[in-house]
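Each remark here refers to the structure printed beneath this line.
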Amino acid sequence: MAAPVRVRFAPSPTGYLHVGGVRTAIFNWLFARQHGGVFVLRIDDTDIKRHQDEAVQVILDGMKWAGLSWDEGPEVGGAYGPYFQSQRFERYKEVAKQLEASGRAYWMKKDAAKDLPEWKIEKLKKAGKWDEDRAQAASDPEPALYFKIHPGEPQEVVLQDAVWKEYRRPAEMLDDYVILRADGSPTYNFATVVDDIDMKISHIIRGEDHLANTPKQIRLFEALNAPLPVFAHLPMIHNDKGQKISKRRDPVAVTIYRKCGILPEALVNFLALLGWSPGDDREVMTQDEMIAAFSLDRIKLSPAQFTLKRQADLPEGSDYNERLDWLHAALPGTKLEWMNGEYIKKLAPKDLLSRAEPFLKRHYDLSGADPVWLSKILALEQERSRTLYALAENLRLFFEAPAAYDDKAVKKWLEKGDGWAHLEAIRELLDKHTDWTGAALEHALNAYAEQKGAKFANIAQPLRVALSGTAVSPPIHETLVLVSKPEALKRIDALLARKGAPTP
RNA sequence: GUCCCUAUCGUCUAGCCAGGUCUAGGACACCGGGUUUUCAUCCCGGCAACUGGGGUUCGAAUCCCCAUAGGGACGCCA
């Protein structure tokens, strides 16, 4: 019988949750759920950061928001904790000692002659990573603990990756590497392996950027007499320029997508389809459908592009708000936005209200708002909005009188033809109208149009301009009802006051 | 520089492993049309790809080789 499925997602607390990381988490989560396995969340914080608690919280919040529940990890605990690497240092030292005792690890000072090659230094400098830390480390006189990668005759490592199939690494390319620094802190490659063994991880599903390190890690599994997990390396995610998405040049923090009004289930669905497909034509899928359809051997190897409609490059050193604006501009017309719209359309009324409320609050004063009225205006925009942000924005006319009028709309619907005359007549009609319901208003306006022999558009459009300032609004009767009679009359008067005024 | 990988519409992808059913399917985007009081929804239609070159084969998107292009890795980063 096969070992129980235990998978993990091990982000480091960098201050944000990366969308690429979320996709990795999704694949692990889907795999765990499909096999009735355990999904472990582990925090890779070997590098102690300043606001660590906050940074960890960002990750937990992001995971919860995305609906990726973990079975073991921070907040929930588990039998294989602690789940913070910073709390496992003693364990790493213990394992290091074992390796030392068995002759598989040795202390050595960095050999100046074995220092980094030219091309590497140049590359680091180019990437802006040739910082003082690095220079310091290179000249560190203290010895570090090295893992002896070849116990005997050097041999190549052959691994069977669930996605990549056979992956080989020749012996001469496997060099001894540092597992413990002079100060006793573990390196990533070491801590990860120790944890994966201790936590009985059965399948390691992670980004392709870890593939080349895998052979080195495998030697460590062997040296520790641990069973080898199944490896599965996922293709990278690229931006529209074919570059690996990165914090520097792309909006990668999930909070930005959340702030833009993307629904978590839409983001998860979209991300799941980057590098994986169910093999049929399904695209908008429920989580249960994805869990049922998921399979490691349907993951492809070539990088997937996370397409946004880039208007311009992100400004150098841009802050959160600039990134938010950038994303707002880059989202329309993308598949993510479309998919989000599909999810918005499916939302039950009360869910729509709870999801949209934070956005409405950010845009308007909701203190006196009637929840029934809110639900009604939301229903009007539900199929007209592809993000919650746009939804809130599209509802502006229900909260505020037009601050300005669209010139084109005024010219087309008021100044050409009988627009002004109709609007004046309708004002009187509405003023006398007492039954302020959609059906009654529809009846009255239709009767007016018929009597004047006018097309309904010539009646509705001037009204729209008065109510919203533009030629666009939800159906006019419902809009009138929900704007309220006194407010509607006020806005009509405001527009009528501009009759004859020169338009700029 | 060294090692490894990848390559289907603008994009996400199906098809490839087990060659014929592929005049290459779906979706987004875009364009056009219909429904509609505007917008949106909905419906219909269109545009659009096997990177190039060699093989193997009766037959290649599918297998092999080369070229080209892209990517990943090669740290006391994670």
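Below, chain A is the first sequence line, B the second, and so on; all start at residue 1. Quick caveat: nothing in here was measured; it's all calculated off a predicted structure.
- We find that CG of A/Leu378 is positioned 16 Å from C1' of B/A40, with the value rounded to whole Å.
- Mapped onto RNA chain B by nearest heavy atom, A/Pro474 and A/Pro170 fall at different nucleotides, with A/Pro170 at the one closer to the 5' end.
- Separation of the C1' atoms belonging to B/A18 and B/A61 is 16 Å when rounded to the nearest angstrom.
- Listed by first and then second residue, the salt bridge (Lys or Arg N to Asp or Glu O under 4.0 Å) pairs involving residues 437-457 of chain A amount to none (not counting sequence neighbours).
- Here the C1' atom of nucleotide B/A78 and the CD atom of A/Gln52 are 14 Å apart, to the nearest Å.
- Listed by chain and number, the residues in a side chain to side chain contact (heavy atoms under 4.5 Å, CB included) with A/Lys165 are A/Asp297 (sequence neighbours excluded).
- Every residue meeting the side chain to side chain contact (heavy atoms under 4.5 Å, CB included) condition with A/Ala304, not counting sequence neighbours, appears here in chain and number order: A/Leu274.
- A/Lys300 comes within 4.0 angstrom of the backbone, heavy atoms only, and of no base.
- With salt bridges taken as basic N to acidic carboxylate O contacts below 4.0 Å, none links A/Asp240 and A/Lys309.
- Comparing B/A40 with B/U23, their C1' atoms are spaced 37 Å from each other, to the whole Å.
- Ion pairing between A/Lys93 and A/Glu90 holds under the 4.0 Å rule for side-chain N and carboxylate O.
- Listed by chain and residue number, A/Lys335 satisfy the salt bridge (charged side-chain N to carboxylate O under 4.0 Å, His left out) test with A/Glu283 (two or more places apart in sequence, or in another chain).
- Spacing of C1' atoms, B/A24 relative to B/A14, comes out at 10 Å, to the nearest Å.
- Within 4.0 Å (heavy atoms only), A/Pro11 reaches no atom of the nucleic acid at all.
- The separation between A/Met173 atom CE and B/C3 atom P is 8 Å, rounded to whole Å.
- B/G46 and B/A60: their P atoms are spaced 29 Å apart (whole Å).
- Here the C1' atom of nucleotide B/C39 and the CD atom of A/Gln461 are 9 Å apart, to the nearest Å.
- As rounded to whole Å, 13 Å separates atom P of B/A78 from atom CZ of A/Arg42.
- Per the geometry, OH belonging to A/Tyr146 stands 11 Å off P belonging to B/G75, to the nearest Å.
- Pairing for B/C39 is absent, with no Watson-Crick or G-U wobble pair whose two atom distances lie under 3.5 Å.
- Comparing B/A7 with B/U62, their P atoms are spaced 11 Å from each other, to the whole Å.
- The residue A/Asn213 sits close to a base: some heavy atom pair falls under 4.0 Å.
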Revision key, fill the gap. Given protein heavy atoms under 4.0 Å, the one-letter contact record of nucleotides 41-51 of chain B, with B base, S sugar-phosphate only and - none, is simply SS---------

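- Among the heavy atoms of the strands lying under 4.0 Å from A/Ala304 are primed sugar atoms or P, OP1, OP2 only; no base atom is included.
- For A/Ser277, a side-chain nitrogen or oxygen approaches OP1 or OP2 of B/A14 to under 4.0 Å.
- A/Asp407 and A/Lys412 are not joined by a salt bridge, as no carboxylate oxygen comes within less than 4.0 angstrom of a charged side-chain nitrogen.
- Across all strands shown, B/A49 has no partner, as no Watson-Crick or G-U wobble contact with both distances under 3.5 Å is found.
- Rounded to the nearest Å, the gap between the P atom of B/G20 and that of B/C5 is 26 Å.
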At a cut-off of 3.5 Å, list every protein nitrogen or oxygen paired with a nitrogen or oxygen from nucleotides 16-26 of chain B, distance to 0.1 Å.
| unit_1 | atom_1 | unit_2 | atom_2 | d |
| --- | --- | --- | --- | --- |
| B/G26 | N2 | A/Glu283 | OE2 | 3.2 |

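- Nucleotide B/A18 is matched to nothing when pairs are restricted to Watson-Crick or G-U wobble geometry with both distances under 3.5 angstrom.
- Proximity note for A/Val178 (side chain, C-beta onward) versus B/C76, B/A29, B/U38: the nearest is B/C76.
- The separation between A/Lys309 atom NZ and B/U11 atom P is 12 Å, rounded to whole Å.
- When the C1' atom is compared between B/U68 and B/G54, the two are found 14 Å apart, to the nearest whole Å.
- The environment of NE2 in A/His150 is crowded: more than 12 heavy-atom neighbours from other residues, nucleotides or ligands sit within 6.0 Å.
- In this structure, A/Glu415 does not pair ionically with A/Lys411, as no charged nitrogen and carboxylate oxygen lie closer than 4.0 Å.
- Residue A/Ser385 is classed as having no contact, given no heavy-atom separation below 4.0 Å to the nucleic acid.
- The base-pairing partner of B/G75, taking Watson-Crick or G-U wobble contacts with both distances under 3.5 Å, does not exist among the strands shown.
- Judged as a salt bridge (charged side-chain N to carboxylate O under 4.0 Å, His left out), and not counting sequence neighbours, the contacts of A/Asp198 are A/Arg88, A/Arg91.
- For A/Asp313, the salt bridge (charged side-chain N to carboxylate O under 4.0 Å, His left out) partners at least two apart in sequence or on another chain are A/Lys241, A/Arg310.
- The residue A/Pro475 sits close to a base: some heavy atom pair falls under 4.0 Å.
- The existence of a salt bridge linking A/Glu383 and A/Lys345 is excluded, since no basic side-chain nitrogen approaches an acidic carboxylate oxygen closer than 4.0 Å.
- One atom, CE of A/Met339, and another, P of B/U11, lie 18 Å apart when rounded to the nearest Å.
- Checking side-chain atoms of A/Glu289 against main-chain N and O of A/Thr286 turns up a donor-acceptor pair under 3.5 Å.
- Counting non-hydrogen atoms under 4.0 angstrom, A/Arg206 reaches nothing in the nucleic acid.
- Judged by Watson-Crick or G-U wobble contacts below 3.5 Å, the nucleotide B/U57 has no partner.
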Show me the donor-acceptor pairs within less than 3.5 Å that the side chains of residues 476-483 of chain A make with the rest of the protein, sequence neighbours left out.
| unit_1 | atom_1 | unit_2 | atom_2 | d |
| --- | --- | --- | --- | --- |
| A/Thr479 | OG1 | A/Pro474 | O | 3.0 |
| A/Thr479 | OG1 | A/Pro475 | O | 2.7 |

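- Across all strands shown, A/Gly341 has no heavy atoms under 4.0 Å from either base or sugar-phosphate atoms.
- For B/A69 and B/U51, the C1' atoms lie 8 Å apart once the distance is rounded to whole Å.
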Practice item. Would you mind building the protein contact string for nucleotides 61-72 of chain B? One character per nucleotide, 5' to 3', B for base within reach (heavy atoms under 4.0 Å), S for sugar-phosphate only, - for untouched. Key: ----------SS

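- Among the nucleotides B/G15, B/A27, B/U11, the one closest to the side chain of A/Trp338 is B/A27.
- Contact annotation: A/Ser185 does not reach the phosphate of B/C76 (side-chain N/O to OP1 or OP2, under 4.0 Å).
- Between A/Arg282 and B/C12, a side-chain N or O to OP1/OP2 separation shorter than 4.0 Å is absent.
- Nucleic acid contact for A/Leu274: sugar-phosphate only, since backbone atoms but no base atoms lie under 4.0 Å from a heavy atom of the residue.
- Listed by chain and number, the residues in a salt bridge (charged side-chain N to carboxylate O under 4.0 Å, His left out) with A/Arg23 amount to none (sequence neighbours excluded).
- Contacts classified as salt bridge (Lys or Arg N to Asp or Glu O under 4.0 Å) and involving residues 270-282 of chain A (residues at least two apart or in different chains) are given here: A/Asp280-A/Arg282.
- Judged by Watson-Crick or G-U wobble contacts below 3.5 Å, the nucleotide B/G10 has B/C28 as its partner.
- Within the 4.0 angstrom heavy-atom criterion, only backbone atoms of the sugar-phosphate kind lie near A/Thr307; the bases stay farther away.
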